[in-house]
Amino acid sequence: MTVVVVTDSSASLPAELSAELGVLAVPLHVLVDDREIREGVDDCDIDYSSSAVSTSSASPGDLRTAYERALELSGGDGVVAVHISRQLSGTWEAGRQAVRDMDAAGKVRLVDSLSAGLGTGLPVLAAARRARTGAELDIVYDAAVAASSRGRAFIVVNRTEQLRRGGRLSSAAAFFGTELVTKPILQIVEGRLELREKARTRSKAFTKLVAAVVDAAGEDGAAIAVQHLGAEDAANTVAGQLRDLVPGIRELIVAEFGPTLGVHLGMGAVGALVVPGGCG
């Protein structure tokens, strides 16, 4: 048996990769009026601009069920659970409560990815690939922590209104007044979403996004993911530029943001996530 890796649905991992590596994903929730939609499980048609839409984390009970199943699948070898940043969601804290309730004697290890979307998904891949080699629990855990600590995330959004409304954006109060004439480039720093810089046009914002990723990737190869919400052409263009500009790129994933992130980022968002040195 091998260590089993668990994550949450916000990690946005392509289904084929999750299946190949045996990763279990716990659904987060989108709340639309009186309806609760489980991300990745229930069909949903969401108006991302509506103020009536919000999100919620997985409950301790949901997470405990997933961890117990994963522990059983591992044959007792252990579980590494890699979740969205605790600064952006209550999921990690709910996971900690679940582990306390389980009394799992150190067999379930939690990792704060310090990121979101495939910024969480790439450390999940690093851990799951190490687990597939038969590595012990501590080594799988260390792989996830190392990838999380190296990771960088950059996002271009059309408007920050939804992020401000949801309380997900730090240190940008002075920016809101000029938002109509600029495009914001955001970054995740130590798990917090912050304003990095501004651009006059969307095309210039993407140029700055690509430059930030190239700088963060370094020259020793990197794993990169590009995500979008309703902006497939822009995401593919960014991905193509990164493929050409990042030396020795090790892998490149293009995917959509899931609903729980889409509610906060809004339509047209494009993000680029990078782990220098790759994910195993």
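Only this structure's heavy atoms are used, side chains among them; waters, hydrogens and symmetry mates stay out. Every value quoted in this text rests on a predicted model; they were computed, and no experiment measured them. The first residue of the sequence shown is numbered 1, and numbering continues consecutively from there.
Judged by distance alone, with hydrogens and angles left aside, the side-chain atoms of S12 form a donor-acceptor pair with the main-chain N or O of S10 at under 3.5 Å. Side chain of S74 to backbone of G78: a donor-acceptor contact under 3.5 angstrom is found. Between the side chain of Q227 and the backbone N or O of E256, at least one donor-acceptor pair lies under 3.5 Å. Between the side chain of R150 and the backbone N or O of P276, at least one donor-acceptor pair lies under 3.5 Å. Although no hydrogens or angles enter the test, the distance criterion places no donor-acceptor pair under 3.5 Å between the side chain of S18 and the main chain of A15. When atom types are taken as modelled, the side chain of S9 and the backbone of P27 share no donor-acceptor pair closer than 3.5 angstrom. Put simply, the side chain of D112 gets close to the backbone of L114: a donor and an acceptor are under 3.5 Å apart. Using a distance-only test at 3.5 Å, with no hydrogens or angles considered, a donor-acceptor pair links the side chain of R132 to the main chain of L21. Between the side chain of D8 and the backbone N or O of A25, no donor-acceptor pair lies under 3.5 Å. A distance-only check finds a donor-acceptor pair linking the side chain of T207 to the backbone of S203 [under 3.5 Å].
With a 6.0 Å radius and a threshold of 12 heavy atoms from other residues, nucleotides or ligands, D220 has its CG atom at or below the threshold. For CZ of R69, the number of neighbouring non-hydrogen atoms (other residues, nucleotides, ligands) closer than 6.0 Å is 12 at most. The environment of E16 atom CD is dense: over 12 non-hydrogen atoms of other residues, nucleotides or ligands sit within 6.0 angstrom.
The CZ atom of R152 lies 7.5 Å from the CG atom of D215; values are rounded to the nearest 0.5 Å. Separation of atoms OH (Y67) and CG (L24) is listed at 11.0 Å; rounding is to 0.5 Å.
A salt bridge links E251 with R129: the distance from a Lys NZ or Arg NE/NH1/NH2 to an Asp or Glu carboxylate oxygen falls below 4.0 Å. Under the 4.0 Å criterion applied to side-chain N and carboxylate O atoms, D77 and K107 are not assigned as salt-bridge partners.
At a cut-off of 3.5 Å, with distance as the only test, a side-chain donor of H264 or T55 sits close to an acceptor on the other residue. With no hydrogens or angles considered, no side-chain donor-acceptor pair links S113 and S115 at under 3.5 Å. Side-chain contact annotation: S59 with D62, donor-acceptor N/O pair under 3.5 Å present.
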Going through the distances and angles, do E93 and R86 end up as a salt bridge (Lys or Arg N to Asp or Glu O under 4.0 Å)?
-> CA-CA 7 Å; E93 186 58 44; R86 73 184 84 175; over 6 Å; no
Could you go through the side chain to side chain contact (heavy atoms under 4.5 Å, CB included) check for R202 and V270 one step at a time?
-> CA-CA 11 Å; R202 191 164 167 83; V270 176; 4.2 Å; yes
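Of all non-hydrogen atoms in M102 and L71, the two that sit nearest each other are CE-CD2, 4.4 Å. F154 approaches V274 most closely through the heavy-atom pair CE1-CG1, 4.4 Å. In terms of heavy-atom proximity, A272 sits nearest to V213 at CB-CG2, 3.4 Å.
L195 and L261 end up in the same hydrophobic cluster when Ile, Leu, Val, Met, Phe, Trp and Tyr side chains are linked at under 4.5 Å. If you chain together hydrophobic residues whose side chains sit under 4.5 Å apart, L73 and V99 fall into the same group.
Partner V108 forms a side-chain contact (heavy atoms from CB on, under 4.5 Å) with one of V79, V6, V80, L63 and no other, that one being V79.
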